[in-house]
Every structure is written in structure tokens, then in C-alpha cells.
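What follows is a set of notes on a single structure, which appears directly below.
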Amino acid sequence: MDKVSIQPPRGVYDILPNESHIWQNAEISIRSCLKAASYKEIRTPIFEQTELFKRSVGEGTDIVNKEMYTFQDKSDRSMTLRPEGTASVVRAYLSNGLQRQAPPVKLFYFGPMFRYERVQKGRQRQFHQVGIEAFGSEGPAIDAESIVLASNVLQAVGINEFEIQINSIGCINCRPQHKQKLIEFFKPHLNNLCIDCRERFDKNPLRILDCKQDNSQPYFADAPKNIDHLCQACLDHWQKLLELLNGLSVKANINSTLVRGLDYYNRTVFEFVSHSDRLGAQSSILGGGRYDYLVEGLGGPSTPAIGWAMGLERLMLLLGEQKENSFLTFVVADNTDIGLKIALDLRKAGLESEIDYPPTGYNNRNISRQIQQANKLNASLVVIVGEKEIKANEASIKDMQTGEQTTISLDKLVNYVQEKQIKMGCKQ
RNA sequence: GCAGGUGUCGCCAAGUGGUUAAGGCCCCGGAUUGUGGUUCCGGUAUUCGCGGGUUCGAAUCCCGUCAUCUGCCCCA
């Protein structure tokens, strides 16, 4: 039978021709934004040694604990399909000696990520992200820049309804004090916390703040805030960043419970959320922050860094269906040689063109059937070169929208189609 | 990992134990051998996600399994 008996794995899906153009358009807009900010693309492998993710994302995180696609290769080495982009980029930055370049080194990536999770709206096991990473600058200017860039990227693809949430989770010096305060604060409430949070209490009390089950409780509002316990250096950084954003008219809401689920963050963390119901139970479309210890943690020189990643599937959900902007010229001919030659001339000039390929037999279908085919393909123009036209060395051109038809000599055809394309307002 | 909904042609679906499984869209062919989108006619599921069971008889009932959707947790 014509039905394939093998199903695709759970949580993966195909991007089909009727939607791939939306992805392409978004990608073009995003690339142009990133290029304007002088970010350069890096392409890393989609799998790495498992150890890389354990050490960078963190042993205590959900991603490492239950969501990684890990397998043994034929030499019995443990490999993992990347669950996020930053770890691989940092690894590649070090593997290739990019730390020898003049800072900041600004990189971006596009590509699939893998997390073994329950599928639901806005969440699948293979999904795509675009992300940026900037290495080598400690000051808050690059924090501000990356947040503004994220905002610009979203606007460039047509998303204007989003909220920026921002927080500072301090550094290696001030975090222990805050942690201690949290432990003291939550200790009397320990029995009221959910099971997960009781574990977080021991491992990483900061993440209790992130728990959606518990943080609706009234007393959470009184939980010690990281911002109130920042060391002087972190406080300066934080205040300067807020000033910068304010000066740039970027509205960012401080969310003191925002801590993010990956271990490598410090100081600035932020999330872009949408309240659209198109995202189902999800709200976050972009997340990131500073990770000043990761490069050193993976064996490199002490290097401050910051980055973010955006989920493209969620972007697509927000964008919805979009029409493809195309300008197709369909060449109708009695004789395949002539039709194909004209179509190829048009293609040489960068004009999308097509001819009829009969499903069965060797001969062209009649003109009526060929125009029918042109209509099915949504052609803008039909060029007819039948016997009549060939004798006169010309072509009949039909505008499929208006139905109007004119004739033009064959040597002016390509020019005519080009002008027509401009007139009809279709670029590509 | 847990809770609930769903699985009949590429898509949307009727059918709820009894002869050959409605219909619509798409697709294919014709009316129409130099002009599409409208109309009309015709064609396309040995089979109801898969496996097993109950029954004289199952798409319809039961068990299992797989997939999918929605939600919890967490994230993009």
C-alpha cells in the first residue's frame, strides 16, 4: 500500500511546504537583525559528549535529570543530543581558540534542540531555537544590548505583544547570603511546600521561587529577594543596567521570582513572555541571561558572557498562518523543447518559472489542461508559445488575475516579465 | 512520570452489533483536441491505528498496545 508503516517518533513533526516559507521569512528577518548588531553565525554539532551538558547546564536541573536524549555510541562513549545551545557554543568557542579574538566575540546560532518531555501545545521533543552569545564583556552595556536585540528580533518578525521580565540573581559572592536567607525563610513553611520544593530546599532553594505550585501562596511575596541582598558590584551592575534600559525606553518588568532553570546563570536573567492563548499552557518565548563562570568552568580563561535563546515553534504559533508571496510564470507550449527553453531563460534571470509535466505519456497536454495546471499552481502569469506564436516569433502573455492577454516578441519576453513582476509588487 | 479526551481515504467527517462502510474537500478522467478559476458527469477505503478476545456476525462490545491532543511539573 501507499501508506508508510513506520510512524515518526513521538514529539517530532514535519515542517511542510505550505508552512516552510513562514520559517524562511522569519529566519531572513532575524538574520538581518543579528547582522546589524554584528553577530556572526556559528554552526555546532547537534550532539556532544554527555559530560558537557552535565557540567554546564547543571546536575540538579530538570533538563539534565530527566530530559536528555542520551545514548552510547559504538565505542561506548556517552553522547547527548543537545538540549540547548549555549553549552555547545561555549565548547566550540574554546575548542577553536576564539577567546584569542578581540572581545567581545558575538555569535549566533539556529538549529534543532532535543528534550525528552511530554508533548503538548508549544512543546515538542525536537524543537528549534535561534540564540545569541556574547563573550568577553562584563559591563551592563552588553546586557542592555542583548535585551534590546531580542526585542528588535521579535518586532522584526511581526511580534509586538510581549512582556520583558528581568531579575538579578547575584554572583558567587552574594548568592550564598541570599541562599541562607531563603533557607531561614522557608524553614518554618517546609511542610506546606510541594514535594519537589522540599528537595529544592536542600539542593537549590533559589528555585523554590520559580515553582508555579507554591509561589501563588501569599507569604511568597515576603520571601527575601535577591535584589535586596546583592553585593556592591552586582548592585552597581543591576542599577546601571536598569538605567540603560530606561534610557533606551525599553520597558522591563522586574520579576523577583525569575531565576531560570539552568545552573550556569548569574547576575542578569530575563525572559520574554507572551500572554497569547495561541501558546497553550506556555508563555515564555525567549529566555537568557549572563553566565560569567561557564567559560572558566569548562576549562577556559575567566570570561564574562551573556546570551539568550528563542523558541521558533512558539514564534510560529504566535505568527499563525501566513500567505506566501510568490510570482510564478507558467510557460504553456505545444512543444516541450520550446517551453522548457523559455522557462530556463526566465530562471536564468531569477524569475520563478514552471512548465507542465504530464503525469503519464510523452506528449504535452492540450493548452486548456496546461492553463488549468498553471491555475492550480497559483501562477501570476501564463506565457503561451503555441504553433501560432512560434510562427510569429512571439508569445502570448496572460495575466491570471485580470485575465488580460497581450502578445510580445520572444526577445523581449524576459524583460517584460521582470517589469510585470515589479508592477505587481512581488519581490521574490 | 501523572490525569483526561481522541484515533473511519491526503484533509473534514457519517456510522453506536446484521446484506457490497454515507457525504464533502483535494486528487484523477471526461463534457471542452488554443485559454484557467464556475457548472455538470464519472473514478479513487476488500476496510475502520495495531494485536487479541466475545459473537452465527464487530468500525461498532471487552482487554491490551501504539499514536495523538489538552493539562500538571518545567521550560523555548
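Chain naming here is simple, since letters A, B, ... match the order of the sequence lines and numbering starts at 1 in each.
Here B/U39 presents its C1' atom at 13 Å from CD of A/Gln372, a figure rounded to the nearest Å. B/C75 atom C1' lies 14 Å from atom CG of A/Asn65, rounded to whole Å.
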Identify each donor-acceptor pair in which a side-chain atom of residues 109-124 of chain A lies under 3.5 Å from a protein atom, sequence neighbours left out, and give them as a table.
unit_1   : atom_1 : unit_2   : atom_2 : d
A/Arg115 : NE     : A/Pro83  : O      : 2.8
A/Arg115 : NH2    : A/Pro83  : O      : 3.0
A/Arg123 : NH2    : A/Gln282 : OE1    : 3.3

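Dashed line: the shortest gap from a side-chain N or O of A/Gln129 to OP1 or OP2 of B/A76 is not under 4.0 Å. One finds no side-chain N or O of A/Arg365 lying less than 4.0 angstrom from the OP1 or OP2 phosphate oxygen of B/U33. OP1 or OP2 of B/G36 lies within a sub-4.0 Å distance of a side-chain N or O belonging to A/Ser368. Here A/Lys376 reaches the OP1 or OP2 of B/C28: one of its side-chain N or O atoms lies under 4.0 Å away. In terms of phosphate contacts, A/Arg260 brings a side-chain nitrogen or oxygen within less than 4.0 Å of OP1 or OP2 of B/A76.
Here the two rings, on A/Phe186 and A/Phe201, have centers that are 6.0 Å apart or farther.
A 3.5 Å limit on both hydrogen-bonding distances identifies no Watson-Crick or G-U partner for B/U16. Across all strands shown, nothing is found opposite B/U44 as a Watson-Crick or G-U wobble partner with both distances under 3.5 Å. Pair assignment for B/G71: B/C2, on the basis of Watson-Crick or G-U wobble contacts that are both within less than 3.5 Å. For B/U60, there is no paired base (Watson-Crick or G-U wobble, both distances below 3.5 Å). B/G7 and B/C66 make up a base pair, with Watson-Crick or G-U wobble contacts both under 3.5 Å.
Using a 4.0 Å heavy-atom distance criterion, A/Arg118 is classed as a base contact.
Ring geometry for A/Phe272 against A/Phe270 counts as perpendicular: the plane angle is over 60°, on a 0 to 90° scale with 30° as the lower cut. Note on ring orientation: taking the six-membered ring where Trp is involved, the planes of A/Tyr93 and A/Phe135 are parallel (angle under 30°, cut-offs 30° and 60°).
Checking A/Ser283 against A/Ile367, the closest nucleotide of RNA chain B that is more toward the 5' end is the one next to A/Ile367. If you find the closest nucleotide of RNA chain B to A/Gly287 and to A/Asp334, the one lying nearer the 5' end belongs to A/Asp334.
Each of B/G36, B/C69, B/C74 was ranked by its minimum atom distance to the side chain of A/Val119; first place goes to B/C69.
Checked by atom type and distance alone, the side chain of A/Glu184 never pairs as donor or acceptor with a backbone atom of A/Lys181 at under 3.5 Å.
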